[in-house]
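Keep in mind that the numbers below use all heavy atoms, side chains included, and drop hydrogens, waters and symmetry copies. All of these numbers come straight from a predicted model, not from anything done at the bench.
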Amino acid sequence: MRVLFAGTPAVAVPSLDALVAAGFDVVAVLTRPDAPLGRKRVLTPSPVAARAAELGIDIIHAAKVDAAVTARIEAAEPEVAAIVAYGGLIPRAALDIPRHGWINLHFSLLPAWRGAAPVQRALIAGDDITGAVTFRLEEGLDTGPVFGTLTEAVGPEDTAGELLERLSHSGAVLLTQTLSAVEAGKASAVPQQGEVSLAPKLSLEDGRLDWQQPALAIGRRSRGVTPEPGAWTTLDGQRMKLEPVLLRPGAQPLRPGQLALDGKAVLVGTGSHPVELTRIQPSGKKMMTAADWARGQATLESVVFE
């Protein structure tokens, strides 16, 4: 079966590899244009574009699926399109091209967490179970009927990056199974059922830790925004990036934002019990252990995160 694959980030690469390994004829890849990365802002292909180039697959770079891009998709003559985190809307004209439609691998248990950041939002909300689904893409935001579902337990210290990595591989299997069922004429999709929640793209502000909140909420947020956009706080007006914090329910209470040492551990007060800092990156410096950073402070007890 002739497949158009649409995807951009690294979490989409296992699905592309799985479809190729399963023998599908991936006739073209649709991905976002090269983007400037690093301090030198070097134009860099997306992970999907880089992998497609290695596989010798035709690449369609597009930030928006306009008439010209739609024409290129039509020229590829796909029988079905598979989409995994492409990062753009697919208009009706393009949706109508493959006779089997577009099948989206989405990293949530729809209708929960419709949108661009489902795993991140699930972690911030404190979900114990997440997963992935394949569904028929429609013009609405992740509203189409579901073909298949898998579930994944959320570990107590899972970050969004770690959870997405696991789901990217299990989801690739699910996507391949779904397309195989479509090719065999055995696939059936059922309407979504349950409570709808939305997962808009994370902004930098979503990573700011509010020390007035309970420790559990701060821990969830720090894991949900790791690795991007990253957890952060401010000290003397300067932003400091933090790796996920650890819960310390047995520690002596501290005022929200107040720092203290407990042996070698660096603790911060919250709206409930303290949390422990793991690694910290002051503005203009490299990431370091919290203990190394604390040694550079004259009197840690006088330091208060804002």
Side-chain angles (χ1 to χ4, degrees), residues 9-11 35-44 46-47 116-117 119-124 126 154-166 200-248 251 254-306:
V11 292
L37 296 181
R39 291 185 178 181
K40 295 185 178 180
R41 311 301 288 166
V42 177
L43 279 178
T44 306
S46 74
V119 170
Q120 296 90 332
R121 297 291 180 183
L123 279 172
I124 291 171
V154 179
E157 294 184 8
D158 273 341
T159 66
E162 291 164 346
L163 195 50
L164 271 169
E165 173 67 14
R166 297 205 302 272
K201 183 179 179 180
L202 295 177
S203 67
L204 179 63
E205 190 61 29
D206 285 310
R208 182 167 193 159
L209 301 184
D210 179 358
W211 303 108
Q212 300 290 336
Q213 289 193 332
L216 186 59
I218 290 172
R220 288 169 174 170
R221 182 167 294 273
S222 72
R223 292 183 290 110
V225 298
T226 299
E228 294 293 338
W232 59 279
T233 188
T234 56
L235 178 62
D236 297 329
Q238 297 294 310
R239 188 162 65 90
M240 309 177 73
K241 191 170 182 178
L242 305 175
E243 291 193 357
V245 302
L246 303 176
L247 304 184
R248 290 289 299 273
L254 297 168
R255 296 190 312 275
Q258 180 186 2
L259 276 77
L261 282 174
D262 182 7
K264 294 183 179 180
V266 182
L267 305 184
V268 187
T270 74
S272 57
H273 61 76
V275 296
E276 180 182 343
L277 297 179
T278 54
R279 287 165 59 82
I280 188 166
Q281 184 176 8
S283 179
K285 296 184 180 180
K286 294 182 178 180
M287 186 69 73
M288 63 185 75
T289 66
D292 285 344
W293 172 79
R295 280 194 286 270
Q297 308 304 307
T299 53
L300 188 66
E301 287 72 15
S302 66
V303 177
V304 179
F305 284 157
E306 299 155 0

S.K.: Please determine whether side-chain contact (heavy atoms from CB on, under 4.5 Å) holds for the pair Thr226 and Glu162, giving the CA-CA distance in whole Å, both sets of side-chain angles, and the decisive distance to 0.1 Å.
M.R.: CA-CA 9 Å; Thr226 299; Glu162 291 164 346; over 6 Å; no

S.K.: Say you draw a straight line from CZ of Arg295 to OG1 of Thr289; how long is it, rounded to the nearest 0.5 Å?
M.R.: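 The OG1 atom of Thr289 is 6.0 Å from CZ of Arg295, to the nearest 0.5 Å.
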
S.K.: Could you check whether atom CD of Glu306 has more than 12 heavy atoms from other residues, nucleotides or ligands sitting under 6.0 Å from it?
M.R.: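 More than 12 within 6.0 Å, yes.
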
S.K.: Which value, rounded to the nearest 0.5 Å, describes the distance between Ile124 atom CD1 and Arg220 atom CZ?
M.R.: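 Reported to 0.5 Å precision, the distance equals 11.0 Å.
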
S.K.: I need the single residue from Arg239, Glu243, Lys241, Met240 that forms a side-chain contact (heavy atoms from CB on, under 4.5 Å) with Gln281. Which is it?
M.R.: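 Among Arg239, Glu243, Lys241, Met240, the one that satisfies the side-chain contact (heavy atoms from CB on, under 4.5 Å) with Gln281 is Lys241.
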
S.K.: Might you point out which heavy atoms bring Val266 and Ala294 nearest each other, and give the distance in Å?
M.R.: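 Closest approach of Val266 to Ala294: CG2-CB, 3.8 Å.
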
S.K.: Where the side chain of Asp210 meets the backbone of Gln212, is there a donor-acceptor pair that is under 3.5 Å apart?
M.R.: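 Yes, the answer is positive, given that a donor and an acceptor are paired below the 3.5 Å cut-off.
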
S.K.: Please name all residues satisfying ring pair (Phe, Tyr, Trp, His ring centres under 6.0 Å) with Trp232, sequence neighbours left out, ordered by chain then number.
M.R.: none

S.K.: Which distance, rounded to the nearest 0.5 Å, do you find between the CG of Leu235 and the CD1 of Ile280?
M.R.: 8.0 Å

S.K.: Once you round to the nearest 0.5 Å, how far does CZ of Arg208 lie from CG of Leu242?
M.R.: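 CG of Leu242 is found 11.5 Å from CZ of Arg208.
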
S.K.: Taking Asp206 first and then Arg121, would you say they form a salt bridge - that is, a charged N and a carboxylate O separated by under 4.0 Å?
M.R.: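 Result for this pair is yes, salt bridge flagged.
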
S.K.: Is any side-chain heavy atom of Pro256 closer than 4.5 Å to a side-chain heavy atom of Thr270?
M.R.: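 Result no, sub-4.5 Å side-chain heavy-atom pair not found.
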
S.K.: Would you check if the side chain of Thr233 reaches a backbone N or O of Leu209 as a donor-acceptor pair within less than 3.5 Å?
M.R.: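 Side chain of Thr233 to backbone of Leu209: no pair is present.
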
S.K.: Please round to the nearest 0.5 Å and tell me the distance separating atom OG of Ser272 and atom CD1 of Ile218.
M.R.: 7.0 Å

S.K.: So, the side chain of Thr234 versus the backbone of Gly237: is there a donor-acceptor pair under 3.5 Å, distance only?
M.R.: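 Side chain of Thr234 to backbone of Gly237, a donor-acceptor pair under 3.5 Å: no, none is there.
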
S.K.: Treating Ser222 as the side-chain partner and Val245 as the backbone partner, does any N or O pair qualify as donor plus acceptor under 3.5 Å?
M.R.: yes

S.K.: Which atom pair, heavy atoms only, marks the closest approach of Leu254 to Gly269?
M.R.: CB-CA, 3.6 Å

S.K.: Of all the heavy-atom pairs spanning Ser283 and Gln238, show the shortest one and how long it is.
M.R.: OG-OE1, 3.6 Å

S.K.: First locate atom NZ of Lys201, then atom CD of Glu228, and finally report the distance between them rounded to the nearest 0.5 Å.
M.R.: 10.5 Å

S.K.: Minimum heavy-atom separation for Ser203 to Pro229, with atom names?
M.R.: O-CG, 3.3 Å

S.K.: Minimum heavy-atom separation for Val225 to Ala231, with atom names?
M.R.: CG2-N, 3.4 Å

S.K.: Which heavy-atom pair separates Ala217 from Gln213 by the least distance, and what is that distance?
M.R.: CB-OE1, 3.9 Å

S.K.: Between Arg223 and Asp158, is there a donor-acceptor pair closer than 3.5 Å when you use the side chain of the first and the backbone of the second?
M.R.: yes

